[in-house]
Trainee: 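Quick one: this structure, given as structure tokens, is what I'll be asking you about.
Here the structure is a predicted model, which means the values were calculated and not measured. In what follows, chains are A, B, ... by sequence order, proteins preceding strands, each numbered from 1.
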Number of protein chains: 2
Amino acid sequence: MERAVAATAVVTPRGPGTLRGSGAPGVLELRPGAVAWDEDGTITYVGPPEGLGVEAEWLEGRTVAPGFVDCHTHLPFVGWRADEFEARLAGTTYRDQAGGGGIRRSARMLRAASDEEVLDFCRPLLAEMLAHGTTALELKTGYGLSVEAELRQARLARRLASEAPQTCVVTLLACHAVPEGVDRPSWVRAACEELIPAAAAEGLVDAVDVWVEDVAFTLADLEAVAAAAASAGLPLRCHADQLSPSGAAEAAAALGARSADHLNHVSRQGVAALGAGTTAAVLMPTSTLLLRAPPPPVGELLDAGALVALATDCNPGTSPVASMPEAVAIGCALYGLSPNEALVAATANAAWVLGLAPAHGTLAPGARADLVVLEGDAFRHVPYRPGHDPVIRTVIGGEVAWEREGGC
Amino acid sequence: MERAVAATAVVTPRGPGTLRGSGAPGVLELRPGAVAWDEDGTITYVGPPEGLGVEAEWLEGRTVAPGFVDCHTHLPFVGWRADEFEARLAGTTYRDQAGGGGIRRSARMLRAASDEEVLDFCRPLLAEMLAHGTTALELKTGYGLSVEAELRQARLARRLASEAPQTCVVTLLACHAVPEGVDRPSWVRAACEELIPAAAAEGLVDAVDVWVEDVAFTLADLEAVAAAAASAGLPLRCHADQLSPSGAAEAAAALGARSADHLNHVSRQGVAALGAGTTAAVLMPTSTLLLRAPPPPVGELLDAGALVALATDCNPGTSPVASMPEAVAIGCALYGLSPNEALVAATANAAWVLGLAPAHGTLAPGARADLVVLEGDAFRHVPYRPGHDPVIRTVIGGEVAWEREGGC
């Protein structure tokens, strides 16, 4: 049996793509609009309410949009690191903390925790994401820092994914920090020759990631990881130019990576390469805010034609944020994105980064009925109120997965 | 009968005051700590659990702090103005919108709404504040823009206050925008000769406020309002140096105002005057964020010895934020306050601004049992997670006024 909602506004990206210029897919705005789906949770209709073949629930003064896709998180992890945040406010730099320190600390906490303890810590965070409208997200390793511990974290990610109502994509962050007592080249070799093939053989991961930075891994390491990922048939992602310009964005684009993430210090050449290539620019405004870092050159990335996506970067070190509405709000306020640009970046483009487009991130016939009911009569109400959850209902695969007390 | 809670941490300002330097009252941190209160809701004990005379509820891994005091809001209002936020992202300046435009629009919406419609709009916002730990707040007029409509808004504020569990202080923002069809001097005269005396005679307000700005009112207007407020026995507050330096902070300090608010463009002389005088500097980081404005010189204000308070500025034009944890988070990230400085600014100092110290804003024997139970074992968890509500329970006058599903 088909089901349908109709609301004062239905807004959706027309698909992934650049946010500005003649090639931008833009946003479809129906005022009023309606969405219908079949019993399999596949959308059958998006259009004006009068074109519906079935009776719809009417949502007065509400906006229906695709569910948010959080395309960069560091879940599963266990334990917070609020004291590091406080130390940074007192003058310690993240560079001081990042050279293994904070990441190694999360690795120690992960090692000390049982599987159930890790899952118990993560479940409320996925529930919080659901209550903030996230219907698909990335999970990532990178707090293992040994072949076995990375594989364990990937298995925990798959367990979390199997329980969660959201669609989860798992990324192997094979090179995040150099493990204690190991030299960098040895770890890169282990990651490429043992970890990546083992994770791929066990079907544990959907992509491979690497942090290129002077306190982490080099461009040569990126190339080695890219080759191992390609051999395993896995797409590549890259933490690029977060603390300083390293040429990582250019290299990621040249390697055909799915994304280059952070980009606070991306060079002009990096901007041009992302604009010319197919590598998405994943931006994480709450990470920028909490690190008190310079924002990436967002206007230049958009003008160059880069596919820009937004994410929370949910992690205990630099961005303990589970809310995509908060990422959208800070993305507009700090980066100057328009609400509709932020909508595309937080849904269709993020789904593209995770390899989930076009089934996710867009409301269109044939796509999955993953959607949110939002306060207000336009998407602009999402970035307008930082610190506030504008999501009233989260629907996944056509079923109500979460609803605020009192409902719509 | 006495009641008590004990927790991994109890943190409280020792009182209002400057945040840095030898004169700063500082923060009392008990690890673990306990708070007890009598049946009147008055605190009888703050200290280590072993000193308690009664049995306490033990809150493992939690932090108990004073309830937040939101010392600058524009409630009651009715209707959002998210389209103005979107227009600013597209390049319109607030100066363009502020010269009566946005404020006059809120005045039209207020005029068009019945009393019940206004209260129905505001009630969920006060409930949201409660769920974010606000136990005392300011309500303000300024969307009336006629003597009668200002008095109506003050009466609505008093009605809202009488219903709300929070302690509410009402400020008459007598000069907010020049009403349409009236010249500025005529309105200032009406405000001083009719509005302020009438509001005072009816006991409707606890303070008087004025916006000094080239698009609003002049320093001479401030002096006139100050004289009228003094005649009425009401303390003075001032929206100062928000869009450009006008000398308002210096003038407010010279007039002995309770506070100078915003201060994004305060001059060196203004900083010095606030440091030397008794006028508090009220800062509103979410307003700065959403206006994409330069931050005030926070370090200089602190170094000068100013009493700094934080507030949400909750209003439909520039800061539709109800969450003090969000104001604290943005205050740390954007202004570089330490978590403990933000704690003092958001509790004891804010209570001082509202004339509510020392009964509010500090946990100490004799003070009111207005407190919050927070996630985590230290106050630093509040600014660490923007977009997240860290409050588990809000206690007002010793009674649980709000608790998260699942409790502590």
Trainee: Flag the one option from B/T312, B/V321, B/L289 with the top tally of heavy-atom pairs under 4.5 Å to chain A.
Mentor: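 The option with the most such pairs is B/L289.
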Trainee: At their closest point, which heavy atom of B/M129 faces which heavy atom of B/T73, and how far apart are they?
Mentor: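 Closest approach of B/M129 to B/T73, heavy atoms only: CE-CG2, 4.1 Å.
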Trainee: Heavy atoms only: give me the nearest B/V69-B/A350 pair and the separation to one decimal.
Mentor: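 Closest approach of B/V69 to B/A350: O-CB, 3.2 Å.
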Trainee: B/A322 versus chain A, heavy atoms under 4.5 Å apart: side chain, backbone, both or neither?
Mentor: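 Both parts, backbone and side chain.
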Trainee: Decide yes or no for A/L374 and A/H381: does some side-chain heavy atom of the first lie under 4.5 Å from some side-chain heavy atom of the second?
Mentor: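 No - every pair of side-chain heavy atoms lies 4.5 Å or more apart.
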Trainee: What's the spacing between A/Q242 CD and A/D313 CG if we round to 0.5 Å?
Mentor: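 With rounding to 0.5 Å, CD (A/Q242) is 7.0 Å from CG (A/D313).
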Trainee: So, for A/T394 and A/G133, which heavy atoms are closest and what is the spacing to 0.1 Å?
Mentor: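 Between these two residues, the closest heavy atoms are OG1-CA, 3.6 Å.
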Trainee: Exactly one of B/E116, B/E117, B/E128 should register a salt bridge (Lys or Arg N to Asp or Glu O under 4.0 Å) with B/R123. Which one does?
Mentor: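 Checked B/E116, B/E117, B/E128 against B/R123; only one passes salt bridge (Lys or Arg N to Asp or Glu O under 4.0 Å): B/E116.
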Trainee: Top residue by heavy-atom pair count (under 4.5 Å) with chain B, among A/E86, A/R88, A/R81?
Mentor: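 The answer is A/E86.
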Trainee: Quick one: pull up CG in B/L59 and CD1 in B/I392 and give me the separation to the nearest 0.5 Å.
Mentor: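 Answer for the CG-CD1 pair, B/L59 versus B/I392, is 8.0 Å.
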Trainee: Using non-hydrogen atoms and a 4.5 Å limit, figure out which bit of A/L337 sits close to chain B: side chain, backbone, both or neither.
Mentor: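 The backbone, not the side chain.
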Trainee: Heavy-atom distance under 4.5 Å to chain A: side chain of B/Y335, backbone, both or neither?
Mentor: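 The backbone, not the side chain.
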Trainee: Hey, which of A/Y384, A/F85, A/W80 has the most heavy atom pairs under 4.5 Å with chain B?
Mentor: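 Of the candidates given, the most pairs with chain B belong to A/Y384.
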Trainee: For the candidates A/A378, A/A327, A/P339, which exhibits the highest count of non-hydrogen atom pairs separated by less than 4.5 Å from chain B?
Mentor: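 Highest number of pairs under 4.5 Å: A/P339.
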Trainee: Non-hydrogen atoms of chain A under 4.5 Å away: do they reach the side chain of B/D83, the backbone, both or neither?
Mentor: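 B/D83 touches chain A through backbone and side-chain heavy atoms alike.
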Trainee: Can you tell me which portion of A/P325 sits under 4.5 Å from chain B's heavy atoms? Options are side chain, backbone, both or neither.
Mentor: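 Nothing of A/P325, per the 4.5 Å heavy-atom cut-off to chain B.
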